[in-house]
Number of protein chains: 2
Amino acid sequence: MPSTVRERVRAELTAEITAAARRQLAEVGAAGLSLRAVARELGMASSALYRYFPSRDDLLTRLITDGYDALGAAAEDADDPVAPPRERWLAVCRAVRSWARAHPHEYALLYGTPVPGYAAPRETVPSAARVGVVLGRVLGDAARSGALPDAAGRARDPELVSDETAAILGGAHPALDDAVRVRALLAWSSLYGTVSFELFGQLVGSVADVDRYFDVAMGELADLLRL
Amino acid sequence: MPSTVRERVRAELTAEITAAARRQLAEVGAAGLSLRAVARELGMASSALYRYFPSRDDLLTRLITDGYDALGAAAEDADDPVAPPRERWLAVCRAVRSWARAHPHEYALLYGTPVPGYAAPRETVPSAARVGVVLGRVLGDAARSGALPDAAGRARDPELVSDETAAILGGAHPALDDAVRVRALLAWSSLYGTVSFELFGQLVGSVADVDRYFDVAMGELADLLRL
DNA sequence: CGTTGACGAGAGCACCGCTCTCGTTGCGAA
DNA sequence: TTCGCAACGAGAGCGGTGCTCTCGTCAACG
């Protein structure tokens with residue numbers, strides 16, 4: 001809780017800055033986002049912004065973590081824990097795609113070309129993992145409910161899938177081996193690739209009814225996951 | 001053939017400009033590529049560059065088509081038409097990944113966030129399609145050699161997969177229906193998603209041995225394609 | 001041989017990220 | 001309550017960017 005007046009007005013102004021920056025990001029994209037324009041929108045000197053964010057990249061990092069959190073929340077909201085696993089998977093996929101289409105520039109900031117010098121890892125990781133956590137929960141619940149066939153038993157290999165990631169992807173269960181976990185990572189990469197292809201215009205001449213294509217494709221991935 | 005001296009020196013200088021720009025792109029990425037820096041490297045005034053490229057975006061568009069061509073050539077070189085279909089698919093995947101790792105900034109320019117205002121479609125399309133053509137040839141050859149099971153016969157739907165794309169993806173054959181074609185587009189999107197995740201650092205904490213992970217994942221995609 | 005158009009160089013405009021200085025003012029210690 | 005300090009906002013300024021305009025030069029073509 002902000003005790004002093006200064007702390008409270010600082011928190012409010014920080015929030016206003018990020019809000020204005022997010023608005024500009026939605027309009028002109030990350031490449032066009034300008035600190036000076038944000039300052040103009042707020043009626044303050046551009047130099048004053050540096051009291052709140054030490055650099056443009058730090059502002060972008062903040063927008064990135066916020067974006068990951070918003071996308072993660074959308075995925076979590078779309079997941080109904082009592083629905084059949086396949087429906088849960090499809091619902092999460094559709095939620096990710098919907099969020100991406102509603103916030104294309106934010107999605108591009110999250111999953112497109114990294115703009116700062118390949119940086120800003122640590123603080124963004126927990127937020128970035130939220131969608132993966134949802135997918136892992138779907139997979140783990142499916143395994144524990146007996147909806148998944150027993151795995152062939154590919155040897156556990158932390159070099160292939162790290163321990164943290166294996167824990168996120170349902171933990172230990174007879175239906176989950178490293179082959180299943182690789183397929184889960186592949187499915188998540190494929191969802192990302194499909195959404196990005198659509199958003200970045202990579203399949204404009206190939207697919208007209210993108211809604212149907214997306215559902216069919218995500219159904220194929222559900223088959224891949226044995227859901 | 002350039003008849004006059006002026007035409008020849010113009011062609012040479014244009015090539016020098018794109019070469020210098022590609023060098024800068026490889027070093028600092030698309031966002032950091034500066035017309036003035038290119039001009040400095042060539043020892044000419046920045047305004048003179050505009051005699052050859054009307055804007056920075058046009059220079060980038062040229063680099064984009066060149067990049068698509070280079071990636072397409074790498075994929076074509078890696079494809080041995082007499083090898084088994086599954087080996088051909090894996091070889092093309094490995095070639096795409098190798099090219100991307102060798103030219104990360106160029107790959108990001110091709111498949112990352114679109115930098116100009118979502119533009120430059122027409123002239124880039126033929127070059128961008130080359131990798132897809134290779135994949136389509138592998139699929140079509142597999143079908144015609146009898147290596148593919150007969151398809152379930154999903155109704156042909158140009159809204160789902162356009163006629164041009166269906167023609168590229170092996171044309172008409174009993175083993176090829178729209179379900180197979182959607183899986184082919186999905187596999188290509190997944191290859192792209194997997195490579196991008198690796199390059200953009202999205203699976204740093206999850207996968208240590210990326211070489212093995214990639215091979216296992218592409219093998220799963222080969223299964224998806226029934227190769 | 002003369003005209004014209006392509007060309008390179010330079011100055012300049014508006015914008016950018018970022019730094020520094022300089023009054024002002026809230027806040028905690030004395 | 002008063003005093004000193006640190007946080008703050010505003011402004012000027014630096015070096016960089018993409019891009020435009022002007023001007024002198026020279027090759028190419030009628």
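Computed from a predicted model, the values in this text were never measured in an experiment. Within every chain, numbering begins at 1; the chains are lettered A, B, ... in the order of the sequence lines, protein sequences first and strands thereafter. Values below: every heavy atom of this structure, side chains too, minus hydrogens, waters and symmetry copies.
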Just the rounded figure in Å: distance from [atom2] of [N] to [atom1] of [X].
| X | N | atom1 | atom2 | result |
| --- | --- | --- | --- | --- |
| B:R40 | D:dG15 | CZ | P | 13 Å |
| A:L35 | C:dT19 | CG | P | 11 Å |
| A:R56 | C:dC16 | CZ | P | 11 Å |
| B:F53 | D:dG18 | CZ | P | 14 Å |

note = Scoring nucleotides 6-13 of chain D by protein non-hydrogen atoms under 4.0 Å (B base, S sugar-phosphate only, - none) yields -BBBBB-B
query = Counting N and O atoms only, with roles assigned by atom type, does the side chain of A:T165 sit under 3.5 Å from a partner on the main chain of A:V161, one being a donor and the other an acceptor?
reply = no
Flag, side chain of B:Y52 to backbone of B:I17, donor-acceptor distance under 3.5 Å = no
request  = Nearest 0.5 Å please: distance from the CG atom of A:L25 over to the OG1 atom of A:T18.
outcome  = 11.5 Å
query = Could you state the interatomic distance from CG (A:D66) to OG (A:S127), rounded to the nearest 0.5 Å?
reply = 8.0 Å
request  = State whether B:R97 and B:D211 are salt-bridged, where the test is any N-O pair (Lys NZ or Arg NE/NH1/NH2 against Asp/Glu carboxylate O) under 4.0 Å.
outcome  = yes
request  = Indicate yes or no: does A:R156 engage A:D163 in a salt bridge with an N to O separation below 4.0 Å.
outcome  = yes
ask   = Any side-chain N or O of A:R8 less than 4.0 Å from the OP1 or OP2 oxygen of C:dC27?
value = no
request  = Determine whether the side chains of A:T61 and A:D58 contain a donor N or O and an acceptor N or O closer than 3.5 Å.
outcome  = no
task = Could you tell me whether the side chain of B:E76 reaches within less than 4.5 Å of the side chain of B:R137, counting heavy atoms only?
result = yes
Might you list the N or O atoms of the protein lying below 3.5 Å from N or O atoms in nucleotides 28-30 of chain C, with each pair's distance?
none

query = For A:Y107, which residues count as a ring pair (Phe, Tyr, Trp, His ring centres under 6.0 Å) partner, sequence neighbours excluded?
reply = A:Y111
ask   = Who are the side chain to side chain contact (heavy atoms under 4.5 Å, CB included) partners of A:E164, not counting sequence neighbours?
value = A:S162
remark   = Residue pairs meeting side chain to side chain donor-acceptor pair (under 3.5 Å), one or both in residues 38-50 of chain B, sequence neighbours left out, come to B:R23-B:E41
key: Positions of residues 14-34 of chain A (non-hydrogen atom under 4.0 Å from DNA chain D), listed by number   = none
